[in-house]
Each structure stands twice: as structure tokens, then as C-alpha cells.
Amino acid sequence: MIGLIDCNNFYASCERVFNPELEGKPIGILSNNDGCVIARSNELKPLVPMAMPAFKIPPHIKKQITLLSSNYELYGDMSQRVFSIVQDYIIDTELYSIDEAFLHLQHQRNPVEYCRNLRKIIRQSTGIPVCVGIAPTRTLAKIANHIAKKKVGSQGVYYLDPNASDFIEQLEQLPISEIWGIGRQLSAKLSNMGIRTAWQLRNFDAHFIGKQFSVVLERTILELRGIACIELEDIHTPKKNIMTSRSFGKATNNIDDLHDVIRLHASRGAEKLRTQQSLAQAILVFLRTNRFGEQQSQYHPSIVIPLLYPTNDTRHIITAAQEGVCRIFKEDYSYQKAGVMMLDIVDQNKRQLDFFSQTEDTETKTRSNQLMSTLDTINKKMGRNTISFGGINTNAQWNLKRDLLSQRYTTRWDELPVVKMM
Ligand SMILES: [Mg+2]
């Protein structure tokens with residue numbers, strides 16, 4: 001059984017913890033330099049659309065609402081507090097974004113009650129409201145979380161059971177665009193084929209979809225049927241969440257190794273931003289000790305580093321990520337996993353309209369764009385990491401465990417097959 005825990009209106013909730021007067025009122029959080037709205041409380045949602053530049057909000061609405069600058073230091077720390085409680089109760093958890101994590105609940109006899117209790121503890125100790133969706137697969141757990149947030153009487157936790165009588169109804173009500181990993185473009189294509197609801201997609205020929213679209217979408221269909229087959233790394237919902245992380249082949253407590261691996265993740269994250277033409281406003285860096293190593297003391301730190309202005313320039317993202325590692329690293333622990341997330345992603349093209357916020361001067365910006373696009377072109381043509389920042393150490397301990405790897409006969413000069421003449 002898999003759970004998805006998600007903090008409700010996370011940034012707004014963090015602000016309310018320390019300013020209870022804001023409870024029940026419409027609040028909006030602004031991007032760096034107070035450019036546009038990046039997070040909204042429920043009360044603000046009917047009043048102001050997401051990503052609206054602050055200066056465009058009509059004065060009569062501005063009067064009724066509270067706008068705040070983004071306080072990433074606070075949000076990062078509150079996230080760390082919430083998820084350290086979660087990890088105390090459920091050992092096997094995977095952080096998915098600043099305010100979400102997947103929970104492996106196979107050891108809980110009554111997962112619904114267990115999570116309701118966890119929810120109370122989190123609210124009591126941090127002030128942050130959370131909801132949990134529970135289901136046999138990640139895709140369904142995401143859907144269950146949406147239901148938990150809306151359904152009266154769910155007490156913040158909902159179990160979506162594929163065998164229950166309301167399962168069909170729940171999926172029939174859900175537009176495909178709400179399904180994990182299905183972005184706007186994909187839902188438009190599916191919609192043209194007459195697939196509009198999660199229930200219709202669930203019943204479509206999965207093999208056909210796999211051939212027409214992608215293996216991941218084929219797996220999404222299986223997941224909707226209750227068959228777990230999607231890993232965290234498989235899904236990259238455009239715009240919302242970019243995470244690059246990996247477990248190491250061998251644990252390490254060497255900060256140079258961690259800098260290497262974080263640099264690699266930061267570069268990949270920046271590359272993904274550029275591919276989908278977007279910019280990040282902050283990044284989250286995390287480290288983890290081995291959660292299955294029961295003998296070892298555990299340390300799962302994370303930190304949010306704001307970027308000076310929204311960017312997808314690898315150099316800025318690496319610098320921020322390296323700073324993050326320095327601030328959370330403690331040498332007494334052996335780390336098994338590290339990752340970087342891009343936060344509060346905005347559309348690169350819409351961004352230019354937001355002339356009130358501070359951006360790089362045009363010349364620097366143009367040069368940065370040229371450098372990055374040259375980098376991407378070369379790496380696309382000649383192979384990943386042909387050009388990288390600081391070099392990639394392929395022998396480092398953190399590389400994937402691949403002791404049983406056969407030689408890369410066709411792509412490496414030093415691994416070519418050898419022919420011996422007798
Ligand atoms: Mg949330």
C-alpha cells in the first residue's frame with residue numbers, strides 16, 4: 001500500500017503558523033522580487049489566477065487580500081520539520097517535492113487510522129495541515145490525495161480501493177489532466193481520441209497507448225487498474241516538479257563526492273528546465289542516509305536555496321546547489337542518496353511580461369541563453385556530459401552499483417571487444 005502525503009497550500013500554511021490572523025483569509029505568495037503569484041490559499045483561488053503578475057491584480061481585489069514575499073528559508077525549514085516527523089513514524093518514505101512525499105505503508109495494519117493519527121501529530125507539532133491519499137499504486141495514491149482534500153468526512157485521509165463500489169465513480173469524475181504525469185499537451189491529444197476521464201483511460205488498450213505514446217503512459221493505465229509499476233523517477237510532470245536524485249552504489253561521507261553528485265543533479269535539472277522552456281525560482285537540495293540501515297544513525301536533511309532571479313542557467317543552479325550541500329552536510333554520517341529539486345517553475349516565455357521584477361540585464365541574459373543552448377546542442381549531438389561543469393567522475397563511489405555490467409562494447413574505446421589471434 002502506498003500513501004501520498006501532501007501539505008495543504010503549503011506556503012500559505014507556513015505563513016499562517018506564525019501569523020494566525022491570516023487563518024481563513026485569502027493569501028498569495030509572490031515570486032522572488034515580488035513579481036507574480038506563485039502560491040495561493042484556498043480563499044485566494046477564486047480571486048486571483050496562478051502566476052498573475054502582482055501589478056495586474058485589480059486594486060479592489062488587492063484591498064481584500066494579503067500578498068507576501070516568498071520566504072524560502074521558512075518554507076524549507078518547515079518542510080524539513082514536517083518530513084522529519086513523517087520519517088519518525090514511517091521509515092520508508094520518499095520526498096517528492098518541498099511539500100509531498102510517498103509513504104510505503106505495507107507494515108501498517110490499519111493505514112487509514114495510522115495516517116489520521118500522523119496527521120494530527122504533524123498539525124500539533126508544526127501547525128501545518130496535511131492530507132494523505134492511500135492506494136495500491138502511486139498514480140492512484142495521488143488521486144486519493146485529491147479526494148482526501150475535498151471529501152467531507154474524510155478527516156484528511158482517503159483510501160482509494162480499486163475493488164470498492166465508489167471507485168468507478170471517482171475515476172469517472174476525474175479529468176485526465178489531473179492524473180499524475182499527464183501534462184496539458186498529452187491530455188489534449190488523448191482528448192482528441194475521446195479519452196477524457198481517468199476511467200476512460202483506465203479501460204483503454206494499454207498496449208496500443210504504449211506504442212502510440214510512451215511506455216510510461218502505458219504503465220499509468222496499469223497503475224489506474226491497481227498494478228504498481230511506476231517508480232518515482234519515471235514521472236516528470238512538466239512545469240510543476242523537476243527532481244533529479246539517485247541512490248549511490250556505495251554510501252559516502254566524503255563532501256567532495258557529494259559536491260560531485262549534486263553538481264550532476266543540478267546540471268540535469270537545469271537541462272530539463274531548458275527542455276521544457278521554463279525557469280526555477282529556488283532549488284531544494286537533500287541528502288539521505290540509508291533508511292534501511294537499522295544500525296546506522298539516520299540523518300535526512302534538506303534545504304531550500306532561493307535563486308536571485310528565475311533561471312535555467314546551469315552555472316547559477318550549480319552554485320546554489322553547492323551552497324545547499326555545504327550548509328546541510330555533517331561528516332558523521334554516511335550518505336546513500338542525494339538529490340536536487342527545481343521549485344516554483346515558471347514559463348520562460350510568459351516571464352518576460354513580468355517587467356516589474358528584477359531580472360538579469362539583457363546582455364548577460366542573452367549570453368547565458370547562448371551558452372546554455374550551445375551546451376545542449378553539443379551534448380545532444382556528441383553524447384550526454386560531453387561538456388559539463390567541473391567534469392564528471394565516472395569512477396566515483398556514488399555511481400550506480402553496476403558490478404555486473406558487461407562492457408560497453410560499442411560506445412567506449414577502452415571497452416571494445418578484443419580479438420586474439422592464435
Ligand atoms: Mg501541497
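Whatever order the structure lists them in is the order used to number ligands and atoms, beginning at 1.
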Between Glu113 and Lys120, is there a salt bridge with N-O shorter than 4.0 Å?
no

With the Mg ion (ligand 1) as the reference point, give the N/O/S atom of Asp99 that is nearest.
OD2

Does the distance from a Lys or Arg side-chain N to an Asp or Glu carboxylate O, for Arg138 and Glu94, drop under 4.0 Å?
yes

Check whether any N, O or S atom of Glu100 sits under 2.8 Å from the Mg ion (ligand 1).
no

Does the ring center of Trp199 lie less than 6.0 Å from the ring center of Phe204?
no

When you check the gap from the basic side-chain N to the acidic O, do Asp313 and Arg315 get nearer than 4.0 Å?
yes

For the Mg ion (ligand 1), what is the closest N, O or S atom on Asp6?
OD1

